[in-house]
Amino acid sequence: MTAELKTALDSYLTAWITRFEPPTAPRSAENVRATVTVSWSPERFVHNNAALGPELDDIDIVRIHDMLDSGTHALWTLADAVERTPRHVRWAISAHPLPSGALITPIDWLPELLRLP
């Protein structure tokens with residue numbers, strides 16, 4: 001998945017969730033966008049004796065993207081370069097996909113979906 005595709009899917013699914021909320025929710029496009037929570041993640045729990053790994057946002061995603069662009073695709077090689085585990089690198093790539101560089105035209109899906117019965 002590319003960064004552009006991820007953005008487009010997020011945009012469409014946000015509009016879909018907004019459109020098909022319970023009938024008590026506001027229906028104007030301006031009000032709905034400000035009130036809808038599409039996803040929620042709890043704060044990270046830190047126990048005093050826990051040995052937690054580094055945060056996903058602390059990973060050097062620019063370096064990973066540069067290495068992927070240059071043809072390096074082995075998870076172990078990427079993990080060694082950024083000093084993380086292969087699983088952590090896989091999660092980072094999934095959360096921050098490589099941009100394709102393609103020009104895209106964003107679509108405002110909410111007005112289209114509001115016309116549906």
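Of all heavy-atom pairs between Glu4 and Gly101, the closest is OE2-N, 3.3 Å. Considering all non-hydrogen atoms of both residues, Leu110 and Arg19 come closest at CD1-N, 4.3 Å. Considering every non-hydrogen atom in both Ala92 and Ile59, the closest pair reads CB-CG2, 3.7 Å. When all heavy atoms of Ala81 and Met67 are compared, the closest pair comes out as CB-SD, 3.5 Å. The minimum heavy-atom distance linking Glu112 with Asp108 is given by the pair CG-O, 4.0 Å. Here the closest non-hydrogen pair linking Ala79 and Pro86 is CB-N, 3.7 Å.
Interatomic distance, Ile64 CD1 to Thr72 OG1, rounded to the nearest 0.5 Å: 11.5 Å. Atom-to-atom distance recorded for Arg87:CZ and Leu75:CG is 11.5 Å, nearest 0.5 angstrom.
A side-chain donor-acceptor contact under 3.5 Å links Thr14 to the backbone of Asp10. Checking side-chain atoms of His65 against main-chain N and O of His96 turns up a donor-acceptor pair under 3.5 Å.
Residues Leu5 and Ile104 fall into different hydrophobic clusters, defined by Ile, Leu, Val, Met, Phe, Trp and Tyr side chains chained together at heavy-atom separations under 4.5 Å. No chain of hydrophobic side-chain contacts below 4.5 Å, direct or via other Ile, Leu, Val, Met, Phe, Trp or Tyr residues, connects Leu68 to Trp76. Note on Ile93: it does not cluster hydrophobically with Trp91, by side-chain heavy-atom contacts below 4.5 Å among ILVMFWY residues.
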| request: Start with the C-alpha gap between Arg84 and Asp58, add the side-chain angles, then the distance that decides, and say whether side chain to side chain contact (heavy atoms under 4.5 Å, CB included) holds. | output: CA-CA 10 Å; Arg84 300 295 174 94; Asp58 293 344; 3.6 Å; yes
| said: Working note: Tyr12 + Leu113, criterion side chain to side chain contact (heavy atoms under 4.5 Å, CB included); need CA distance, chi angles, decisive distance, verdict. | reply: CA-CA 9 Å; Tyr12 178 76; Leu113 293 173; 4.3 Å; yes
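Residues satisfying the side chain to side chain contact (heavy atoms under 4.5 Å, CB included) test with Ser94, not counting sequence neighbours, are none.
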